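Beneath this line is the structure, given in structure tokens, with notes to follow.
Owing to the predicted nature of the structure, the values given are computational and were not obtained by experimental measurement. The chains referred to below are lettered A, B, ... by the order of the sequence lines, with proteins before strands, and numbering in each begins at 1.
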Protein chains: 2
Amino acid sequence: MTQFGTHVNTARRSLQEHDRRYSLRQVAKRIGVEPGYLSKIERGQVAPPSEAATVRLAKELDQDPDVLLALGGKVSSDLQEVIRKRPRLFAQLIRELRDAPDHAVLRIVREVRDGDW
Amino acid sequence: MTQFGTHVNTARRSLQEHDRRYSLRQVAKRIGVEPGYLSKIERGQVAPPSEAATVRLAKELDQDPDVLLALGGKVSSDLQEVIRKRPRLFAQLIRELRDAPDHAVLRIVREVRDGDW
DNA sequence: CGTCATGTTTCCTAAACACTACACACTTAC
DNA sequence: GTAAGTGTGTAGTGTTTAGGAAACATGACG
């Protein structure tokens with residue numbers, strides 16, 4: 001289950017092809033972790049990093065933070081906070097939407113965005 | 001920030017009034033923790049318990065698990081799983097609904113429940 | 001009085017989490 | 001050919017999580 005590592009490695013190497021500032025060492029330095037640690041992360045030798053480090057990594061590699069967090073088995077803490085503020089409401093909504101097809105959820109997103117409440 | 005403890009204590013004592021099977025010790029035994037631990041939980045002397053223990057406690061005290069988890073600063077792992085399976089979609093939806101009034105969210109819940117996709 | 005049952009206090013800990021430090025081997029650039 | 005840069009391996013660290021064990025104090029009951 002190290003989707004996380006391979007995903008990061010692939011993304012980084014793809015950037016590295018055109019820009020040698022995306023070596024493991026340089027990326028590690030920019031996101032503020034030790035090279036050895038990032039190496040192990042990419043090869044799934046350790047668990048995915050903390051939320052904060054994951055988000056920095058996602059930004060650095062131009063990835064969607066929520067997706068990368070998900071690959072790391074996490075959910076963004078700001079989303080969790082939204083749920084925790086109105087647990088009954090959001091729990092019900094999310095469970096209701098668990099098996100809904102993407103397009104149905106998307107339709108709701110658009111509906112809400114066009115703010116007709 | 002020990003909303004959790006006082007909430008549990010209040011709920012338990014209110015049950016205890018009419019039914020002495022809801023002493024701290026007996027509840028602790030039924031949910032499978034040591035009395036000393038539950039005591040500390042109720043007085044906020046330790047952090048809220050794990051998700052599993054919180055859910056057992058909620059059921060025992062006839063409380064909504066999602067609400068009690070929220071008071072403990074947690075979000076049910078089954079909800080997290082739903083989000084992690086389609087992170088972009090659900091992240092967008094939840095952020096969109098962050099500031100929506102309850103009745104607007106409820107309307108959507110009903111809409112979805114009446115399954116018109 | 002003795003013995004339940006109640007809640008509380010103190011002390012301890014095993015496991016998981018999130019990393020750092022540093023030495024190593026190999027390639028590339030000049 | 002050496003200096004710089006690349007990725008990797010081994011070992012160890014501090015912190016947090018999630019409790020358990022056992023003794024203690026208090027009150028009610030028969």
Gap between atoms [atom1] and [atom2], on [X] and [N] respectively (whole Å):
X: A:Arg25; N: C:dA21; atom1: CZ; atom2: C1'; result: 12 Å
X: A:Leu38; N: C:dT20; atom1: CG; atom2: C1'; result: 14 Å
X: B:Leu24; N: C:dG7; atom1: CG; atom2: P; result: 5 Å
X: B:Glu42; N: C:dT6; atom1: CD; atom2: P; result: 13 Å
X: A:Ile41; N: C:dC17; atom1: CD1; atom2: P; result: 14 Å
X: B:Glu34; N: C:dT10; atom1: CD; atom2: C1'; result: 14 Å
X: A:Lys40; N: C:dC22; atom1: NZ; atom2: P; result: 14 Å
X: B:Tyr22; N: C:dT6; atom1: OH; atom2: P; result: 14 Å

On a heavy-atom basis, which atom in [X] and which in [Y] lie closest, and how many Å separate them?
X: B:Glu60; Y: B:Leu15; answer: O-CD1, 4.4 Å
X: A:Val75; Y: A:Gln80; answer: O-NE2, 3.0 Å
X: B:Arg86; Y: A:Leu97; answer: NH2-O, 3.4 Å
X: B:Ser39; Y: B:Leu24; answer: CA-CD1, 3.7 Å

How would you label the contact of [X] with the nucleic acid (heavy atoms, under 4.0 Å): base, sugar-phosphate, or nothing?
X: A:Val46; answer: nothing
X: A:Arg12; answer: sugar-phosphate
X: B:Ser50; answer: sugar-phosphate
X: B:Lys29; answer: nothing

Q: Evaluate side chain to side chain contact (heavy atoms under 4.5 Å, CB included) for A:Arg107 paired with A:His103, printing each intermediate quantity in order.
A: CA-CA 6 Å; A:Arg107 217 200 54 206; A:His103 68 82; over 6 Å; no
Q: Say whether B:Ser23 and B:Gln16, considering side chains only, have a donor N or O and an acceptor N or O under 3.5 Å apart.
A: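 B:Ser23 vs B:Gln16: no donor-acceptor pair found between side chains.
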Q: Can you figure out which of C:dA21, C:dT8, C:dT6 approaches the side chain of B:Gln16 most closely?
A: C:dT6
(Q) With heavy atoms of chain A within less than 4.0 Å as the criterion, where does contact along DNA chain D begin and end? (A) D:dT6 to D:dA11
Q. Between B:Tyr37 and A:Gln26, who's closer to the 5' end of DNA chain D by nearest nucleotide?
A.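 First, find each residue's nearest nucleotide; the 5'-ward one identifies A:Gln26.
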Q: Report yes or no: does A:Arg12 contribute a side-chain atom to a donor-acceptor pair with the main-chain N or O of A:Tyr22 at less than 3.5 Å?
A: yes
